[in-house]
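For reference, the structure discussed in these notes is given below.
Because only heavy atoms are used, hydrogens play no part in the values below, and waters and symmetry mates are left out as well, while side chains stay in.
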Amino acid sequence: MARNIVISGGGTGIGLATARTFAAGGDRVLLLGRRPEVLEKAGVDGALTYAADLSRPQEVRGVAEFVGESFGQVDVLVHGAGGNGQLEPQADLDDPLERVAHTWDINFRLNTLTAALLTEALKERLAAPGGRVLFISSIAAYRGSGSGAYGGAKAALHPYAHDLARELGPRGITVNVVAPGYVEDTGFFGAAIAPERRERLVRETANGRAGTPADIAETLHWLASPAAGHVTSQVVQVNGGAERGR
């Protein structure tokens, strides 16, 4: 039976690979993202699209209304929106503390607030029992991210997911987090990653290769399946062994 799948950040990278995986299984998919032109080019068969900035409450209300009209019930909610705040337009700030505040604010809004607002807006529409909420975190939540802002924003998803799992568990809804390591073919590093950095990240893995969006998509797909019905409040690392599970 076809399910209703809502995927934020669904126009590129991991979100797009996830959308294609669910659509290939016959599910109905709604792609969310900030850029309508990117969503339109995604090319996921039969998918609906809706452009919104998920860090803005009023735009998230619009998403919730659209979901209600188009789907009614949400079987699987995947939070793929987020990214490296350093790739966002930078403010021209002379004060170093203002620059720090700007960096942390961007990363929090991109990676944490988007997920929290969308979840809260759709929480009552989740299928009960059987609903799934899936967050995408990062290896940076365990080992840092340079400035700390990106890793901190992703790490904030972990306790939120644990709290949600406790709250939604009595309704038969599971909540889990997938934390990828280095994944190629995404826009996370901008136009390209420096060859020496790529080599270092691959060398850290136990299996000697970079991750792919499909690696993450298949993990999310399994967590959304009936087979994972007793898996909840977990952080699943998918990084080729670059960081040990804990």
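- Expressed to the nearest 0.5 Å, how far CG of Leu16 lies from OG1 of Thr186 amounts to 11.5 Å.
- More than 12 heavy atoms of other shown residues, nucleotides or ligands fall within 6.0 angstrom of atom CG in Asp95.
- Taken from CG in Leu39 to CZ in Arg34, the straight-line distance is 11.0 Å, to the nearest 0.5 Å.
- Side chains of Tyr142 and Arg244 form no contact here, defined as non-hydrogen atoms less than 4.5 Å apart.
- With values rounded to the nearest 0.5 angstrom, Leu201 atom CG is found 5.5 Å from Glu204 atom CD.
- With a 6.0 Å radius and a threshold of 12 heavy atoms from other residues, nucleotides or ligands, Arg209 has its CZ atom above the threshold.
- Residue-environment remark: CZ (Arg35) stays at or below the threshold of 12 foreign heavy atoms within 6.0 Å.
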Acceptor/donor pairs from residues 60-74 side chains to any protein atom, 3.5 angstrom cut, sequence neighbours excluded:
| residue | atom | partner | partner atom | Å |
| --- | --- | --- | --- | --- |
| Arg61 | NH1 | Gln58 | OE1 | 2.8 |
| Ser70 | OG | Phe66 | O | 2.9 |
| Gln73 | NE2 | Asp75 | OD1 | 3.1 |

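- In this structure, Asn239 and Pro180 have side chains that are not in contact, with every pair of non-hydrogen atoms separated by 4.5 Å or more.
- Side-chain contact between Tyr50 and Leu30: present, with at least one pair of heavy atoms (C-beta onward) separated by less than 4.5 Å.
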Verdict with supporting geometry, Val202 and Glu199, side chain to side chain contact (heavy atoms under 4.5 Å, CB included)
CA-CA 5 Å; Val202 171; Glu199 181 181 348; over 6 Å; no
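- Arg132 places a side-chain N or O within donor-acceptor distance of the main-chain N or O of Leu223, the cut-off being under 3.5 Å.
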Tell me, with the steps shown, if Thr112 and Tyr160 meet side chain to side chain contact (heavy atoms under 4.5 Å, CB included).
CA-CA 9 Å; Thr112 313; Tyr160 179 50; over 6 Å; no
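- Using a 4.5 Å cut-off on side-chain heavy atoms (C-beta onward), Val78 and Val76 make contact.
- The hydrophobic cluster containing Ile5 also contains Val44, counting ILVMFWY residues as joined when their side-chain heavy atoms lie under 4.5 angstrom apart, directly or transitively.
- A distance of 9.0 Å separates CG of Asp27 from CD1 of Ile7, quoted to the nearest 0.5 Å.
- The minimum heavy-atom distance between Trp222 and Ala228, with the atom names listed, is O-CB, 3.3 Å.
- No more than 12 heavy atoms of other residues, nucleotides or ligands lie within 6.0 Å of CZ in Arg56, so this atom counts as exposed by the packing criterion.
- Although no hydrogens or angles enter the test, the distance criterion places a donor-acceptor pair under 3.5 Å between the side chain of Asn107 and the main chain of Thr103.
- In this structure the side chain of Asp163 never reaches within 4.5 angstrom of the side chain of Arg166, judged on heavy atoms.
- Between the side chains of Ser233 and His162, at least one donor N or O sits under 3.5 Å from an acceptor N or O.
- In plain terms, the two heavy atoms of Ala2 and Gly26 that are nearest each other are CB-O, 3.3 Å.
- A side chain to side chain contact (heavy atoms under 4.5 Å, CB included) with Thr219 is found for exactly one of Val236, Asn176, Thr18, namely Val236.
- Atom-to-atom distance recorded for Glu40:CD and Thr49:OG1 is 6.0 Å, nearest 0.5 angstrom.
- Proximity of Val175 to Phe135: side-chain heavy atoms (C-beta onward) are separated by under 4.5 Å at one or more points.
- To the nearest 0.5 Å, the span separating CZ on Arg203 from OH on Tyr182 amounts to 13.0 Å.
- Following chains of ILVMFWY side-chain contacts shorter than 4.5 Å, one cannot reach Val100 starting from Leu110, and the two form parts of different hydrophobic clusters.
- Side-chain atoms of Phe22 and Arg3, non-hydrogen and from C-beta on, do get closer than 4.5 Å to each other.
- Checking each of Asn111, Leu220, Val238 against Ile136 for a side chain to side chain contact (heavy atoms under 4.5 Å, CB included) leaves exactly one that passes, namely Leu220.
- No donor-acceptor contact under 3.5 angstrom links the side chains of His79 and Thr114, judged on distance only.
- Here the closest heavy-atom approach between residue Ser137 and residue Leu157 is recorded as CA-CD1, 4.5 Å.
- Residue Ala217 comes nearest to Thr21 through the heavy atom pair CB-OG1, 3.6 Å, listed as atom of the first residue, atom of the second, then distance.
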Carefully, step by step, assess Val231 and Thr174 under the rule side chain to side chain contact (heavy atoms under 4.5 Å, CB included).
CA-CA 7 Å; Val231 178; Thr174 67; over 6 Å; no
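- Applying side chain to side chain contact (heavy atoms under 4.5 Å, CB included) to Lys123 and the options Leu118, Val133, Leu77, Leu164 leaves one that passes, Leu164.
- Arg200 contributes no side-chain N or O that, together with a main-chain N or O of Pro195, makes up a donor-acceptor pair within less than 3.5 Å.
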Could you give me the CA-CA distance, side-chain angles and deciding distance for Leu126 and Leu122, then say whether side chain to side chain contact (heavy atoms under 4.5 Å, CB included) is met?
CA-CA 7 Å; Leu126 292 168; Leu122 297 180; 5.5 Å; no
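- The side-chain hydrogen bond (donor to acceptor under 3.5 Å, both in side chains) check on Ser8 picks up nothing, with sequence neighbours excluded.
- Side chain of Gln234 to backbone of Thr232: a donor-acceptor contact under 3.5 angstrom is found.
- Nearest heavy-atom pair across Ala81 and Lys154 is O-NZ, 4.3 Å.
- Two residues are said to be in side-chain contact when any heavy atoms from C-beta on lie closer than 4.5 Å; Leu54 and Glu59 fail this criterion.
- Without hydrogens or angle criteria, Ser138 side chain to Ala141 main chain gives no donor-acceptor distance under 3.5 Å.
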